[in-house]
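Here the structure is laid out as structure tokens; the discussion comes afterwards.
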Amino acid sequence: MAAFNPRTVARHVLIAAVFNTVLALAISAIKGDHFAPTLLYSQLIGLCIWAGIDGGRYLLSPQGWPGVRPMAVLVVVAVFAGYALGLTLGNLLLGRPLLASANNLPGATVGFLLMSLALGAFGAYYFSSREMLAMARLAQEEAQRQASEARLRLLESQLEPHMLFNTLANLRALIATDPPRAIDMLDRLNHFLRATLAASRSDARGGQHTLSDEFARLDDYLSLMSMRMGPRLRVRLELPKTLAPLPVPALLLQPLVENAIRHGLEPSARGGELRVAAQREGSTLCLSVSDDGVGSEAPAREGFGLTQVRERLQALHGAAARLEWHSAPGQGTQARLLLPLPDTP
Amino acid sequence: MNATALIAEDEPLLAQALQAELARAWPGLRVLASVGDGQSAVQQALALRPDVLFLDIRMPALSGLDAAATLADDWPAEQPLPALVFVTAHDEFAVQAFEAQALDYLLKPVQAERLQRTVARVQAALRARGASAAPDWTGLRALLGGAPSSAPRLRHLMASVGAAVQRVAIDEVLAFEAADKYVRVLTGGREFLIRTPLKELLPQLDPEVFWQIHRGTVVRVDAIDRVTRDEAGKWRLTLRGLDEAFVVSRLYADRFRAM
């Protein structure tokens, strides 16, 4: 319920007015005063206090919640000012001396003031906490919506129709000419789809699997791309045996490999080499994806893939991990991920 | 009918598959070459002069559409243009545009029955060829121009002249001509260079005021003086107020049929 909302204000006025009426009924019943003047004073004082509190908090903060301490001060000030103003207005309307009741009945005035203070504080707490709850709920819904949107975009980027339909067209061609290879490619497409869907279902951090699994999934994808691109794509995957069992976030490298194909090698008529390598550098695991394709001009324009990799690294390792990226026209593209190695026993 | 064809497809298995399907659907067709990128498609087509072109849309170096546009301009004037068939795996925009312009296209994977229909169409087009430009190519023009845009009309250009920036009113411009990385802006007495590509400029120009006459040339209609045909059969256009002549692409030549 961010900012000022006329409908909310109208509802608060109504609630305050009903409350004031109930209070006036109670006072006239207990003390035996006339109901009409009691109702008038009750409404005037109550509404003045309400206006002070509800108006004041929007003046102090555009969101309507200035914080606990300013709110407490506001309630006290609004109650005293509202009480004095409401009382004076009532006296004016009924033609009584302006400070009549305060002078005549100091005890009653203090009592009323204390009661107003308690009721004002309660009202302020009640309305504010309801709004805080609503705001928190909205924020949570927004976060959820953004998360599912990000997952959908990831899935769309990986299950790109152009890639899928071309792969299917290639498979259809292979079935006629080379059935054993067609079966192998179909199995790899199966693995690729399963892994992509699984990764899109898990949370932002994604599931974990071993580095050898990561390389196996990249091998599936790159075999499919090799089938499509033929001799234009040459692939080198380099994973030292000692690093193979290390855990890594599932499909962390996939966007980098897709970028290398889509922006580096596919636009190049002569094609080129794509190299994915893992190596240990002290206490750091270094994963690199490099190609000698067309390269790109502006490193400033960071696409969805790179952003997504960066966000996952940030979520998992904070400042301990980083992504380096270099590219120049005609010189290919190099991406390097540097991750802290888990402590070796 | 002993026709010849050129296939441009960057995925080797798909090129082979198309060739195999074509051998079944049109046994008389001779495939002269199969190339893997748009640039080679243009070179080989100009060298081999096939009767039919099968062009993949997404190719390295030059897209199928741009390759076709280049061919339309560079094809020898005395020869009829080849029949045109686009091939695409999935591109909703392209498919809608092809439908709208009655351009022939094949969806990958190519299916025998659909290919049979395309072959029949191409054969009919080749028989009727010679009288006028094939309808395929006229449709291509609309495709290259892009969707009609609601982009605001440009009223001024900002061209850098040395260290200064010169304002040029669109009303003074007689012609735009693409030159390497720049676009030449020609007014009555002066010439300016701007970096905005012609493709981005076009949607911001009033199509009633400026006509595209070539993939690299746009001229002010009111300034057109005459269009003449040289010995090689190329159409050339002259503008009032400019000494240069501009080549008219055959994609746009039908605008200048005498009334």
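- To the nearest 0.5 Å, the span separating CG on A/Asn166 from CD on B/Glu11 amounts to 4.0 Å.
- Only the side chain of A/Leu174 comes within contact range of chain B, with heavy atoms under 4.5 Å apart.
- Between chain B and the options A/Arg228, A/Arg232, A/Arg172, A/Arg270, the largest number of non-hydrogen pairs under 4.5 Å is found for A/Arg228.
- Shown here is A/Arg145, whose CZ atom has more than 12 heavy atoms of other residues, nucleotides or ligands within 6.0 Å.
- Minimum interatomic distance between B/Pro12 and A/Pro231 (heavy atoms only, all atoms of both residues): CG-CD, 4.2 Å.
- Counted within 6.0 Å of CZ on B/Phe192, heavy atoms from surrounding residues, nucleotides or ligands total more than 12; the atom is thus considered enclosed.
- Salt bridge annotation for A/Glu160-B/Arg58: present, with a cationic side-chain nitrogen under 4.0 angstrom from a carboxylate oxygen.
- Within a 6.0 Å sphere centred on CZ of B/Arg114, heavy atoms belonging to other residues, nucleotides or ligands number more than 12.
- Looking at A/Pro161, both its backbone and its side chain come within 4.5 Å of chain B, counting heavy atoms on both sides.
- Contact between A/Ala269 and B/Pro60 at its shortest, heavy atoms only, is N-CB, 3.8 Å.
- With respect to chain A, the highest number of heavy-atom pairs below 4.5 Å among B/Asp10, B/Leu13, B/Asp37, B/Leu18 belongs to B/Leu13.
- Heavy-atom distances place the side chain of B/Glu21, and not its backbone, under 4.5 Å from chain A.
- How far CG of A/Leu168 is from NZ of B/Lys108: 12.5 Å, rounded to the nearest 0.5 Å.
- Crowding of A/Arg194 atom CZ: a count of heavy atoms from other residues, nucleotides or ligands under 6.0 Å not exceeding 12.
- The local environment of CD in A/Glu141 is crowded, with over 12 non-hydrogen atoms from other residues, nucleotides or ligands closer than 6.0 Å.
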